[in-house]
Amino acid sequence: MGMKIAVVGATGNVGREMLEVLDERAFPADEVVAIASRRSQGTEVSFGDRTLKVQALENYDFSGTDICLMSAGGAVSKEWSPKIARAGAVVIDNSSAWRTDPDVPLIVPEVNADAVEGFSKKNIIANPNCSTAQLVVALKPLHDRARIKRVVVATYQSVSGAGKEGMDELFNQTKAVYVADPIEPKKFQKRIAFNVIPHIDVFMEDGSTKEEWKMVAETKKILDPKIKLVATCVCVPVFVGHSEAINVEFEEEISPEEARDILREAPGCLVVDNPAEATYVTPYECAGEDATYISRIRSDPTVDNGLSLWVVADNLRKGAALNAVQIAELLINRGLVGKKKAA
Ligand SMILES: NC(=O)c1ccc[n+]([C@@H]2O[C@H](COP(=O)([O-])OP(=O)(O)OC[C@H]3O[C@@H](n4cnc5c(N)ncnc54)[C@H](OP(=O)(O)O)[C@@H]3O)[C@@H](O)[C@H]2O)c1
């Protein structure tokens, strides 16, 4: 008997991408099951050159499932992940429900793969927020070399980060602008077409948003609790791909040339950075790609040992689906689930 994988949220942006990534990477599963809400029961989703019939979460029996890739939002995860975990499947969750739980590892395989061993306390592993995942992939190799003291980051986040409703809202509002139809924001707080919105998730008491707080808390948990970080998270009218303007202050001196060389060798990173020829990346070029792209590496002369950089990744891939599948591969390679575990 081989591995049995369930994808919960299979009709959503992240779930559909998970199915694509599982197929592309020839994930060693004998059976892949697509699960969503009762609304989608009986509909079909693509899995490679096949289609899978969607099953309803509340009717599904998870016994015999090895890994459950979960991307159905925080409320569904809070209720269902512990039940699925008790049935014996390791849950890899994409929502924010478990990320700060001390008994749940928060994993980006290129950064803190060893922390995965702690999964058995709850049988749940958390995937970070999309903007944190690409940030820590780029920062980890630089932190190892020169120790990061402080990070200031501004994000330019695509509407797919707000799910399929977010993408529909940008599409419909853009059309409405051209035909002078009225625009009524639903998913976003203000009009997103031809606009930018410095407001993602709810406001906190200190005036920051929960999205900004997540970047701070998750970077500390994954990379180093000593790193000071402040973020401004902004939603922009881009369908797929998050961009980040990052300013880093290090303890030790590090030149842009050395940073470029380190990042060229770093797992998951792709440096596209030739100022002489104005070479850099934009989210449009990174959609559908696995790498975290790094451009515009330069000195920040306003602080000691400062660097600025521009980091772009596909938020549905490295920010969600790809990272979750990489965690599943990590579990298999370390013999923590499936056949090797049973042997
Ligand atoms: N988009 C990103 O960049 C990103 C990145 C990291 C993490 N995440 C997280 O991943 C999760 C999913 O995001 P998304 O962008 O894929 O959202 P989405 O496009 O809105 O999809 C939501 C999915 O959840 C399912 N669902 C909703 N309620 C359910 C229920 N009661 N029982 C079972 N399934 C239910 C939906 O099924 P129906 O179609 O049947 O309603 C759909 O498959 C969220 O927690 C999000 O925060 C997203």
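Both counts, for ligands and for their atoms, begin at 1 and track the order of listing. Keep in mind the model is a prediction, meaning the values are calculated, not measured.
- The aromatic rings of W310 and Y156 lie perpendicular to each other, with more than 60° between the two planes, well past the 30° mark.
- Scanning for side-chain contact (heavy atoms from CB on, under 4.5 Å) contacts around K186 gives E169, with sequence neighbours left out.
- For ligand 1, the 4.0 Å heavy-atom shell takes in G9, A10, T11, G12, N13, V14, A36, S37, R39, S40, L57, S71, A72, G73, V76, N94, S95, C130, S160, G161, G163, K164, N315, L316, G319, A320, ordered by chain and residue number.
- Among residues two or more places apart in sequence or in another chain, the side-chain contact (heavy atoms from CB on, under 4.5 Å) test is passed with R147 by H143, D224, E251, E252.
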Give the table of side-chain donor-acceptor pairs shorter than 3.5 Å for residues 72-85, with sequence neighbours excluded, one pair per line with atom names and distance.
from: S77; atom 1: OG; to: S81; atom 2: OG; distance (Å): 2.9
from: S77; atom 1: OG; to: D93; atom 2: OD1; distance (Å): 3.1
from: S77; atom 1: OG; to: D93; atom 2: OD2; distance (Å): 3.0
from: S77; atom 1: OG; to: W98; atom 2: NE1; distance (Å): 2.9
from: K78; atom 1: NZ; to: A97; atom 2: O; distance (Å): 3.1
from: E79; atom 1: OE2; to: K83; atom 2: NZ; distance (Å): 3.4
from: S81; atom 1: OG; to: S77; atom 2: O; distance (Å): 3.2

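- Ion pair D201/K214 flagged as a salt bridge, since at least one NZ, NE, NH1 or NH2 atom sits closer than 4.0 Å to an Asp/Glu carboxylate oxygen.
- The aromatic rings of F203 and H199 lie tilted to each other, with the angle between the two planes from 30° to 60°.
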